[in-house]
Structures are given as structure tokens and as C-alpha cells.
Amino acid sequence: MRLLPCFSVLPLLFSACSTLTPSPVPAGSETTLALLETTDLHANVASYDYYKLAPEPSIGLERTATLIRQARAEFPNTLLLDNGDTIQGTALADYQALVAPLACDQTLAIYKVMNQLGVEGAGIGNHEFNYGLAYLSQVTGNRFEVESVDPAKPRCAGPAFPQVLANVYSVKTRQPLFKPYHIIDKQITATGPDGKPLKLALKVGIIGFAPPTILTWDKRWLEGRIYTEGVRETAQKYIPEMRAKGADLVVAISHGGLDNSPYSPTMENGNWYLSQVPGVDAMLIGHSHQVFPNATSTVPQFNLPGVDKVKGTVNGVPTVMANLWGKHLGVIALRLRHDGKGWSVERNATTVEARPIQTGDKRYVEADPAVAPLIAAEHTATIKYVQTPVGTTDFRMSTYFADAGDVSAIQIVNQAQAAYLEKHVKANMPELAHLPVLSVSSPFKAGTAGVSDYTDVKAGSVALNNAADLYLYPNALYGVKIDGAGLKAWLERSAERFNTIDPKLATPQELVNTGYPSYNFDVLSSPDVSYEIDLSQPVGQRVKKLTYKGQPLSPSQEFLVATNNYRASGGGGFPGLDGSKTIFAAPDNNREILIAYIQAAKGLSRAGNGSTRSWRFSKLQTKGPVVFHSAPEKLDLARAAGLDNITQLQADDGMGKGFALYAIDLSK
């Protein structure tokens, strides 16, 4: 076996430099390899909220870095891997991609930090494609053979670690866009059958998967340029090849969740099926922004047959999902044993956990001091950029009570989208100009990621960071044509945000279905449309008294609806929205449209821009309280929004995350 040179500059890759044990490995040798996962970082490098312009200790790779250091001190053998959705999601990411684009020889801020941390491999998520293929090609240092990427341009700087993606292919070459897999020669310590320590090489194969639904979500960038395959058949194709090339272990880095619906090559969350492919030793999953394992989770995907949410296995395969934004570090401590022919995972001795950066009530691990200096220039430039003023508002726009009916942070988005679509149609599509134009938007930030995860734009000056707070994602505006029946189905799907309430129950009932993300809770804020959501009814039968201009909505009445590319192309699984109803794909993104609208309006008022509410809950007398959770001491915002049926029951809901417990009186 070839000896590897000893370099002092590689402390994260080699725990020690010594002569390696020659093959074969003695039968009965044992070791533990800890797989460390970050996922869905979304460019949250610093513990900082660029939308609120304030430190935010509950997020940030700089704090995950402390957990990584602790894990390396605990386990002699570790392998640090990232699951994707890495380069998009904050104002820092947008600044580097859109405002002051990187030069070819520059490295993304988050990649600089990941290089410093010694990341050894990574997958690619769906949000990596949000800025287009040319940008992705540049920042990852890969030369894509696809339309829209200049083949004459040089290979640019990228991360210092391999990135793998097996199920996304170039239409031009019929070859994978990235390397489908990579085999890492990992130097580890082990214990021989005689109890003596060994130093040897372990070949760890990593293979990456992205949700095939990227073809609909980022259609404007990807259509005609790339195609996808399902995770199951892709794994069946490449894993035998990886084994033939000497992989002792195969780790699937799959950016998706779990779904046991009948298998489809286009399914978004195919990892329940991926776990059943022979040869998969461990899975690092993500995309769903959840924690797994989690014994108390009520999320449907973690309560499927074959899923052990306590031990962290899916059909017996050790599996971890480390939340989002650096809030957790996934740790799979694979216990390995060699039988003289190869290594196998001792599943009963393997442990899986998602370790939080939160150490107690409002306490967090300290940030790694080595991280901030690496991105100081980019961080400072982003803060300066987002402070650019665009207008003013005389009212506070927030989503603390969006689930209860507050539209203060939603109506302005709907107004901007509707005005843009209406203007375009009148100028360019006269055959559709007679149709009424509506708009839907959702509360992107509604507490999913913690008590600070709410849109909150205070009265006064409105700057770019506030616009980014109101519209979180770099989506493109799309217009769709639907009828009244389609609109009702759209609203029925949105109403799945809420649990079914039993009026006879005396015990507290939770209002919000936390398994249904807030970014899929689309609402109208039009004075022409009115409807109720009856929480006593089952899913699909809740939208009542749906009217247009005071009259019952006709199923055949046609509308144009402004939304985004994600929703119009099938994102969220809304009935009938599969791309076929799109009549306009705007060249501008929703946030830019919102900024331009605010600039033109100059001053926003609650009466004109933040109080038109299309929906209400149907009146319902309940025996016990109906409760929900939000940030504490915000009742004045509910009152300002006209919600007089909200009360704060407890300033601390007792869950240790800083939320307060509120009640909503559905009889009012």
C-alpha cells in the first residue's frame, strides 16, 4: 500500500501521520466512523439576521462549527459531509450572486468557511439551481456541458471538497452534471482482534441525489438543458459500480425527505425507497427542514412503516436529518466490523442523533472564532447593501399572527404581484385583458425555524433588507389562468395548514398543523374575494362561502392569478398547478417586483396596504381552548390587525424554545 505524506497543514483530514497497516485487514477488527452532517445551511454562515440587522444566536454555521469541533474531539474517526441547499437563502447569498457577482477566481463566502472546517464531501440541493446553471457552474468550479453555459470560459474557483450528484444529467451530453459519486480514502484508527490499535485506510463512497422536481421549480433555468432520473434507479445503477471500485462503505447524500407513496422517478422525497436499495450503508437526508431522529416528532414522514424516529433508521439504514440554517449537526456513529473480506455496519451498535446548537432555554454554543474573519468583508458589504432605503410605512408588517388572519406582511406582496401581472397582460396579452387578476402569497416566515423566524418590518423607513424579509426567496413571478373550481381547490390545499378541530373536546387543541409548511399557506388579500375556513370539517371540505364581488363564486369563472414559479410549476402539490396553466413567466423575480412597487408608492399605509383580509375562520364554539404558538408579548400587533379574538395564555409555552402560548376564540 502506498504511504501517504505527512503534512501539518491538514490536521482535519488526518488525525495522525504513520505507516498504514497493509491489507488485508485482520478479521475481527472494529472501529467507529462518525458521519457528521450539515444540511440546508442556506448561506447562513454568520449568526446574524440580515433582515432584522441584528445578531441571531439560534442560527449560523459559525456555531455548528463548534459542534463539529466537539464531535471530532469525541470520535477519533469523523467524516464531515454537507447535504446541499448551501449557497442560497440569505441576503449574503443574493449579494454575492446578484448584486456584486463573484469573479471567477473568488470563492463563495460559505465555501470558504466549509473549506476551513475541512468538509470532505457534499451533495447538491434544489436551491443550488435558483441562480441558474452558469452561476452554479462558476461557484462550484465545474464545467457544465449544457446550453446557457459558455464552454469557452475557464474553470473557476470552487470548494476544496468533492461535490456529487448522480441523478441530474446534461441534455447535451447525456452525462451527469456533476460527478455522480466519489470515493474518499479515509485514514482511520481501529482496534484489531488482539485489542491492539491499527491505522488503516477506509474507502468511503459518497453519492448525491437532488429532488427531480427541480425541473418544475426552476423550469426557467433548466428546461431543455438538464433532465433527471429517480433516486432508486440511479442508486441501483451506480452503487454496484462504487463497490466494484473498492468502496468499503456507501453513504447516500440525498437532498430530500421520506415518502412511502407509490414510487415515481419524479417524486420529491424518495429516500424511503432509496433506503431499500442494496448497498446503502447510511443516509444523510434534508430538504424538509426537520430533525431526525426525534422521538417526539409528529411529522408524518417520520411515522411511516419502517421508520424508527427514536433510533434514527429508515428500513434499518442509519439516517439523519440535521434541521436547517446550522441549527443542528447530524451525527451517525457507524460501528464497523471487518470479517476478513470487508467491513460491515453493526446496526445494533450504531447510534444516530441530531445535536442542537441550543444548549438550554435561550442559550447556545459559542461561535467558532475562526469563522467570522473569513467572511468579514462580504458580511460588511451585505449589511451596507441591505440598508438601502426604498420607501416608508406607517404600520408594522409582521407574520406573528398570519395563521390567525393578519395580512399586514402579505397584502403588499399580493398588491405588487397583481399590479405587475395586470400591467403586462394589458400591454402584451389583450386576449386575456378582460379577466380579473388576483394574487396569492404566503407567510414565508412563521416560526418554523424558531421564535425569531418571523417577518417583522417596523413602521418607518423601508429598506432592501425589509423587502427581503417580506419576500424571502428569489422566485420569479408567474401568472396562471384558472377557473373558480381551480381557485377553490387551491384554497382547500392551503387550508391544510390547520388541524381539524373537534368542538366537543375539552382539552386544548392545536390550531396549526406543523407538518404543513407556512410557505404553502397561500392566501388572497383582495377586496373582491371572500371565503371562510371551517376547521370542524375534514381536509378538502373546509372552504365555505367563497364569493367574488359579493356573489357565490361560479366554478366556471376564469381568473388570472399572480404567484411564483415554484407554485405555478407544481411546488407544494396544489391540485391542477403542474405548469400547464402558466400563461406568463416574468423575467423579474417577485422580490424585485415588490421593491419597485414600494418605490413607486413611496409611502405605505395600513388602510391601503395592510388590512384587506379575504378569509376568516367559520365561527365555531369549542368546549376547550384552541391554541397556537408565537413570539411572546406581541398581542398589540394582533389588536392592530383587528384580531380581537386572540389572548396570550402563557408568556412561555414550556417547550424551551422561547415561544408563548396563545389561544384563538373561534366563536368570534
Side-chain angles (χ1 to χ4, degrees), residues 40-46 48-51 60-61 82 84-115 122 124-144 146 148-150 153-159 163 165 177-178 210 214 217-222 225-226 255 324-325 374-388 444 463-465 467-477 564-566 586-596:
D40 295 273
L41 292 171
H42 286 286
N44 283 280
V45 187
Y48 191 84
D49 189 328
Y50 292 103
Y51 310 120
L61 182 56
D82 180 69
D85 273 11
T86 305
I87 69 172
Q88 176 278 334
T90 64
L92 169 64
D94 286 346
Y95 181 79
Q96 293 200 287
L98 305 172
V99 181
L102 262 64
C104 184
D105 61 348
Q106 294 178 308
T107 302
L108 273 180
I110 194 162
Y111 284 160
K112 288 201 297 185
V113 174
M114 293 170 77
N115 288 344
I124 298 293
N126 53 291
H127 282 287
E128 260 68 52
F129 295 93
N130 286 169
Y131 299 122
L133 289 170
Y135 182 76
L136 183 58
S137 173
Q138 175 188 329
V139 300
T140 61
N142 283 273
R143 302 192 66 171
F144 298 159
V146 296
S148 78
V149 177
D150 186 353
K153 285 191 174 181
R155 184 184 299 273
C156 295
Q163 293 174 295
L165 181 59
L177 197 63
F178 287 82
I214 58 172
W217 298 339
D218 276 307
K219 182 178 180 179
R220 70 193 192 280
W221 300 123
L222 306 181
R225 298 176 174 96
I226 63 115
H255 195 81
L324 80 165
W325 299 356
L374 292 174
I375 62 161
E378 297 95 324
H379 179 65
T380 300
T382 302
I383 291 174
K384 182 178 180 181
Y385 161 68
V386 301
Q387 290 177 307
T388 305
F444 295 121
L464 288 175
N465 64 296
D469 198 12
L470 289 164
Y471 204 100
L472 191 61
Y473 300 105
N475 298 131
L477 184 140
N564 57 49
N565 60 293
Y566 172 78
D588 301 311
N589 71 44
N590 301 65
R591 191 187 300 163
E592 291 169 344
I593 290 166
L594 173 62
I595 290 169

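Computed from heavy atoms alone, side chains included, the values below leave out hydrogens, waters and symmetry copies.
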(request) Return the minimal non-hydrogen interatomic distance between Cys156 and Gln138, and the atom names on each side. (result) CB-O, 3.4 Å
(message) Hydrogens and angles aside, do His127 and Tyr473 bring a side-chain donor and acceptor to less than 3.5 Å of each other?
(response) no
(request) Specify the closest pair of heavy atoms between Arg220 and Asn130, including all atoms of both residues, with the distance to one decimal. (result) NH2-O, 4.0 Å
(message) Rounded at 0.5 Å granularity, tell me how far CG in Leu41 sits from CG in Leu324.
(response) 9.0 Å
(request) Search all heavy atoms of Leu594 against all heavy atoms of Ala467 and return the closest pair with its distance. (result) CD2-O, 3.9 Å
(message) Return the CD1 to OG1 distance between Ile110 and Thr86, rounded to the nearest 0.5 Å.
(response) 5.5 Å
(request) State which residues pass side chain to side chain contact (heavy atoms under 4.5 Å, CB included) with Ala210; sequence neighbours excluded, sorted by chain then number. (result) Leu165, Asn167, Val168
(request) From the options Ile87, Leu108, Thr382, select the one residue that forms a side-chain contact (heavy atoms from CB on, under 4.5 Å) with Gln96. (result) Leu108
(message) Quick test of your reading: applying salt bridge (charged side-chain N to carboxylate O under 4.0 Å, His left out), list the pairs with at least one residue in residues 129-138, sequence neighbours left out, ordered by first then second residue.
(response) none
(request) With rounding to the nearest 0.5 Å, note down the distance linking CG in Asn465 to CD1 in Ile383. (result) 10.0 Å
(request) Enter the distance from Arg225:CZ to Leu177:CG here, rounded to the nearest 0.5 Å. (result) 12.0 Å
(request) Taking all non-hydrogen atoms of both residues into account, name the closest pair between Leu92 and Ala109 and its distance. (result) CD2-CB, 4.2 Å
(request) Output the distance between atom CG (Asn475) and atom OH (Tyr566), rounded to the nearest 0.5 Å. (result) 9.5 Å
(request) Look at the side chain of His42 and the backbone N and O of Gln88, then say whether any donor-acceptor pair between them is shorter than 3.5 Å. (result) yes
(request) Assess the side chains of Tyr111 and Gln106: does a donor N or O sit below 3.5 Å from an acceptor N or O? (result) no
(message) Treating Ser137 as the side-chain partner and Asn142 as the backbone partner, does any N or O pair qualify as donor plus acceptor under 3.5 Å?
(response) yes
(request) Verify, without hydrogens or angle tests, whether Glu128 (side chain) and Leu136 (backbone) share a donor-acceptor contact under 3.5 angstrom. (result) no
(request) Kindly indicate, with the supporting measurements, whether the criterion side chain to side chain contact (heavy atoms under 4.5 Å, CB included) is fulfilled by Gln163 and Ile124. (result) CA-CA 7 Å; Gln163 293 174 295; Ile124 298 293; 3.9 Å; yes
(request) Compute the ring centroids of Tyr95 and Tyr50, then answer whether they are less than 6.0 Å apart. (result) no
(request) Using salt bridge (Lys or Arg N to Asp or Glu O under 4.0 Å) as the criterion, list what pairs up with Asp85, not counting sequence neighbours. (result) none
(message) Holding to salt bridge (Lys or Arg N to Asp or Glu O under 4.0 Å), I want the full list of residues that pass it with Arg155, two or more places apart in sequence or in another chain.
(response) none
(message) Give me the atom names and distance for the closest heavy-atom approach of Ala468 to Tyr51.
(response) CB-CE2, 3.3 Å
(message) Enumerate the salt bridge (charged side-chain N to carboxylate O under 4.0 Å, His left out) contacts for residues 86-108, please, sequence neighbours excluded, ordered by first and then second residue.
(response) Asp94-Arg591
(message) So if I apply the side-chain contact (heavy atoms from CB on, under 4.5 Å) rule between Val45 and each of Leu374, Ile375, Thr90, which one comes out positive?
(response) Ile375
(request) Please answer whether the main-chain N or O of Ala377 pairs with a side-chain N or O of Thr380 as donor and acceptor at a distance below 3.5 Å. (result) no
(request) Quick one: do Leu222 and Trp217 satisfy side chain to side chain contact (heavy atoms under 4.5 Å, CB included)? Show the steps, please. (result) CA-CA 9 Å; Leu222 306 181; Trp217 298 339; over 6 Å; no
(request) Show your working on side chain to side chain contact (heavy atoms under 4.5 Å, CB included) between Asn565 and Lys219 and close with a plain yes or no. (result) CA-CA 8 Å; Asn565 60 293; Lys219 182 178 180 179; over 6 Å; no
(message) Nearest 0.5 Å, please: how far is CG in Asp49 from CG in Asp469?
(response) 7.0 Å
(message) So, using side-chain hydrogen bond (donor to acceptor under 3.5 Å, both in side chains) as the criterion, who are the partners of Asn564 when residues are at least two apart?
(response) Tyr471
(message) Between Tyr131 and Trp221, is the side chain to side chain contact (heavy atoms under 4.5 Å, CB included) condition met? List the steps.
(response) CA-CA 8 Å; Tyr131 299 122; Trp221 300 123; 6.0 Å; no
(message) Please give me the minimum heavy-atom distance between Ala586 and Ala476, naming the atom from each residue.
(response) O-CB, 4.1 Å
(request) Would you indicate whether the side-chain heavy atoms of Leu61 and Asn44 approach each other to under 4.5 Å? (result) no
